[in-house]
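Presented below is the structure to which this report refers.
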There are 2 protein chains.
Amino acid sequence: MTKNTRMTKQRKAILRVLKNTESHPTADWIYEQVKKEIPNISLGTVYRNLNVLSELGKIQILDYGSTYSRYDGNPKNHYHFRCEKCGRVYDIHIDLFDDINKIVNEKTAFQVNEHRLEFTGLCPICQNEN
Amino acid sequence: MTKNTRMTKQRKAILRVLKNTESHPTADWIYEQVKKEIPNISLGTVYRNLNVLSELGKIQILDYGSTYSRYDGNPKNHYHFRCEKCGRVYDIHIDLFDDINKIVNEKTAFQVNEHRLEFTGLCPICQNEN
DNA sequence: CTATTTGCAAACGCTTTGCCTGATT
DNA sequence: AATCAGGCAAAGCGTTTGCAAATAG
């Protein structure tokens, strides 16, 4: 259970680079930064460690939980629910929180046009499979 | 400007399949469905048409706007802003909307554990580049 | 008629993996 | 010493693309 706990210099460097940036970089960018310090590090090591660090809860990966794109026949904004167990994606039938764009527009320097909101948890089917 | 307007039988079938499903299928699932009707359709045609239909505003693609994964050194939930022009991803420094999980839990049959919220629009840098 | 779209297959590009060597505990 | 991690390169895999033939308008 307690595996992958060796803090090698590669793993430390990757984590430090990621903790010290404001941006949300790609694996390749991280690779280029760490290479300044460990010139012979390989891209595979970067990917492996990013996955390990994510499993350890030290970082997050900002993808859609899958390598597949999913397509939605409804082009209007609406919210989704993704089941953590089976991966199904459902529509959520509630009104949009229209005011949150305004909140961010007022509190930050970003010019917000849209927002996307996704919930995760257990779908009804998987709740009944225990 | 007004291009890609031919409604071929392939394009029609893909759109119909997608409009008539509750799920948010992958391209491959759509391909399998359409093949029942047009057995010699190719997967490339499905992908091409999904992209065309998305540009026409008839459907949405649920990905992160890029094929790259992005990594975040902060493992706690927080919101992001993605610039539509330059693709940069920023943190948004506002409090979490903690109550929306409860709202969905009460109004739907899903068991919500988390939510993810992402805003899109123009970042300060790109706002100044006009 | 002709510009767009298709089918096919190869290419792409990000990510993962196998294998063997090297490092950590 | 035993196990875990790294480097390298090849494989994986969803998606895109080039090209000649087909087709919508």
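Just so it is clear, the model here is predicted, and its values are computed rather than measured. In what follows, chains carry the letters A, B, and so on, assigned in the order in which the sequence lines appear, proteins first and then strands, with residues in each chain numbered from 1.
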OP1 or OP2 of D:dT16 under 4.0 Å from side-chain N/O of B:Asn51: yes
Contact nearer the 5' end of DNA chain C, comparing A:Lys9 with A:Ala27: A:Ala27
A:Arg82 bridged to B:Glu114 by N-O distance under 4.0 Å: no
Side chains of A:Asn113 and B:Glu84, donor plus acceptor under 3.5 Å: yes
Out of C:dT6, D:dA5, D:dC8, whichever nucleotide has its closest atom nearest the side chain of B:Asn49: C:dT6
Side-chain touch B:His24/A:Asp91, heavy atoms, less than 4.5 angstrom: yes
Distance-only donor-acceptor test, A:Arg6 side-chain atoms vs D:dG6 base atoms, 3.5 Å: no
Length of the line joining B:Ile38:CD1 and D:dT23:P, which is rounded to integer Å: 12 Å
Short side-chain to backbone donor-acceptor contact, B:Lys19 and A:Gly73, under 3.5 Å: yes
Side chain to side chain, B:Val112 and A:Phe81, heavy atoms closer than 4.5 Å: yes
Atom-pair distance (CD on A:Glu32; C1' on C:dC14), nearest Å: 15 Å
Proximity to the side chain of A:Ser42 - top-ranked nucleotide from D:dC8, C:dT24, C:dT6: D:dC8
Atom-pair distance (CE on A:Met7; P on D:dA5), nearest Å: 11 Å
Donor-acceptor pair under 3.5 Å, B:Arg48 side chain vs D:dG18 base: yes
Rounded interatomic separation in angstrom, taking CD from B:Glu55 and P from D:dT16: 11 Å
B:Leu50 CG - D:dT16 P separation (whole Å): 9 Å
Below 4.0 Å: OP1/OP2 of D:dA24 and any side-chain N or O of B:Gln10: no
Nucleotide C:dC14, atom C1' - distance to OH of A:Tyr31 in whole Å: 14 Å
5'-most by nearest nucleotide on DNA chain D - B:Leu43 or A:Gly44: A:Gly44
Nearest-angstrom distance from the residue atom CG of B:Leu62 to C1' of D:dG14: 16 Å
5′-ward residue of the pair B:Ile41/A:Thr45 relative to DNA chain C: B:Ile41
Nearest-nucleotide comparison on DNA chain D, the residue closer to the 5′ end among B:Thr26 and B:Thr8: B:Thr26
Side chain of A:Tyr68 (C-beta onward), nearest among C:dT17, C:dG7, D:dG14: D:dG14
Short side-chain N/O contact to D:dG14 OP1/OP2 from A:Ser69, under 4.0 Å: no
Sugar-phosphate only, base, or nothing, as touched by B:Asp28 at under 4.0 Å among non-hydrogen atoms: nothing
Any donor-acceptor pair under 3.5 Å from A:Thr108 side chain to A:Val104 backbone: yes
Under-4.0 Å side-chain N/O to phosphate OP1/OP2 contact, A:Arg11 with D:dA5: yes
